[in-house]
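Only one structure is covered here, and it is reproduced in the block below.
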Amino acid sequence: MDVLLGLQWGDEGKGKVVDVLAARYGVVARFQGGPNAGHSLEMEGKRYVLHTIPSGVFRPGAVNIIGNGVVIDPIIFREEVSMLEAAGIDLHSSLYISRKAHLILPSHRALDAATEQAKGKDRVGSTLKGIGPTYMDKTGRNGLRVGDTELPDFKARYQALRDKHCGILAQYPTEVDFAQHEEEWFKGVECLREYQLADTEVMVNGYLDRGESVLAEGAQGTMLDIDFGSYPFVTSSSTVCAGACIGLGVAPARVGRVYGIFKAYCTRVGAGPFPTELHDATGELLREAGHEFGATTGRPRRCGWLDLVALRYAIMLNGVTDLIMTKADVLSGFDAVRVATRYLLHSGETRTLPYTLDSDLQPLYDECPGWQTPNASTYGELPGNLQHYVAYLERETGVPISMISVGPDRSQTIER
Ligand code: IMP
């Protein structure tokens, strides 16, 4: 099983790259996260955003799996399958959903909203899709799972959990009304049950036993990982490579290549430390040129230079074998581009990520000569300075960059 994941704070362009790579895999499987993700894919002038469904769905013949590590909101799932059906894609025979994946209830979303509001200025900047409360119920052993929808007392189980949530919500000053979403939610559950619910861990291992190729698709990014990200400004799942083993039920020894995706610069959406953030016209330029607005929430993304301290840390955690750089076209038109290689702290300089990324940390930069918009279909046709940037990053990280994306379309992908 190969794994593809983000090395920064999410939004690295995973959707597009999975779509490109999916042609080489028989199976594409999501292993964590939920509708907080927004994987964008563009083809033939049309843009699609996937939240829960793997990005392999546009490749005919591929099997798509939503693994046990994913959390599913049936309302959003139903909207997503209708969007795909309208695009002529029927998933009834190619999509499998883990019975062990947890369900996001309308009351989880209400809890997300109430707890974020109560945090005031310390809020995480959650997408408010109910992700945190759902994973809390999972680890707290209270959650409802997809397989529970097949049980005769499912409705009673739903009501018991909802009532528990209402008790918690009563402690918050603002009332969040979710009753109007319940009908839609149950319609979503009916829709979910029209698809193939399965013990996907057995399926995935079976595919691997038969020599089929499986691609595990990560969501969010390493710096948002629950353990290793910039805690508490993180999501609630394991976004690192090890999360693919847990989230699909695959043994670590079965992991092959690990594709680590990063943007040629950095972005972050939501609150939390971001050492190389640009608060000036350059940051604004990157935001506009890169259309850096959240695919799920529409929020403007914070933009900054590439951060090698964080990137090296992410490569180490994931055991990355292949780097994939995206948005090299966006980082064009500059006389010079900057890359943070170390941080200056009170205690001196460091090349490794410190425990806290507090605001008086100062990134120290290298400068590389800039390039003009690349209009190329082979590596050799890329502007010389972009090729130098690639070679510089390979030297700094010790990992080959095997793919470079120079635009949102499938066709704007250069392999080496
Ligand atoms: P949550 O996962 O919705 O609770 O959000 C927690 C943090 O992760 C917030 O800062 C979000 O902006 C961020 N986040 C969650 N999902 C994504 C994503 O898919 N891309 C980028 N940031 C995300």
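Just so it is clear, the structure is predicted and the values come from calculations on it, not from any experiment. All ligand and atom numbering here is 1-based and tracks the order in the structure. Starting from 1, each residue takes its place in the sequence as its number.
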Return the closest protein heavy atom for [atom] as residue, atom name and distance.
{"atom": "atom 3 (O) of ligand 1", "answer": "T127 OG1, 2.5 Å"}
{"atom": "atom 21 (C) of ligand 1", "answer": "D11 OD2, 3.1 Å"}
{"atom": "atom 9 (C) of ligand 1", "answer": "G125 O, 3.2 Å"}
{"atom": "atom 5 (O) of ligand 1", "answer": "S126 CA, 3.4 Å"}
{"atom": "atom 2 (O) of ligand 1", "answer": "T235 OG1, 2.6 Å"}
{"atom": "atom 17 (C) of ligand 1", "answer": "Q220 CG, 3.5 Å"}
{"atom": "atom 22 (N) of ligand 1", "answer": "V269 CG1, 3.4 Å"}
{"atom": "atom 6 (C) of ligand 1", "answer": "V234 O, 3.4 Å"}

In terms of ring plane angle, is the pair [X] and [Y] parallel, tilted or perpendicular, where the classes change at 30° and 60°?
{"X": "W9", "Y": "F274", "value": "tilted"}
{"X": "Y392", "Y": "Y389", "value": "parallel"}
{"X": "H92", "Y": "Y195", "value": "parallel"}

So, does [X] use its side chain to make a donor-acceptor pair with the main chain of [Y] at under 3.5 Å?
{"X": "R30", "Y": "A219", "value": "no"}
{"X": "R78", "Y": "V189", "value": "no"}
{"X": "K14", "Y": "Q220", "value": "yes"}
{"X": "Q372", "Y": "S332", "value": "no"}

Quick one: does [X] get within less than 4.0 Å of ligand 1, heavy atoms only?
{"X": "F233", "answer": "no"}
{"X": "A219", "answer": "no"}
{"X": "R299", "answer": "yes"}

Can you name the atoms of ligand 1, numbered from 1 with element, that are less than 4.0 Å from a heavy atom of [X]?
{"X": "W9", "result": "21 (C), 22 (N)"}
{"X": "L224", "result": "8 (O), 13 (C), 14 (N), 22 (N), 23 (C)"}
{"X": "A37", "result": "19 (O)"}
{"X": "V124", "result": "6 (C), 7 (C), 9 (C), 10 (O)"}

Test your reading of the structure: does [X] have an N or O sitting under 3.5 Å from an N or O of ligand 1?
{"X": "S236", "value": "no"}
{"X": "R268", "value": "no"}
{"X": "K129", "value": "no"}

Heavy-atom neighbours of D409 CG exceed 12 at 6.0 Å: yes
Does the ring centre of W185 sit less than 6.0 Å away from the ring centre of Y158? yes
Please determine, by modelled atom types, if Y343 and D307 share a side-chain donor-acceptor pair under 3.5 angstrom. yes
K16: which of S40, S405, S55 passes side chain to side chain donor-acceptor pair (under 3.5 Å): S405
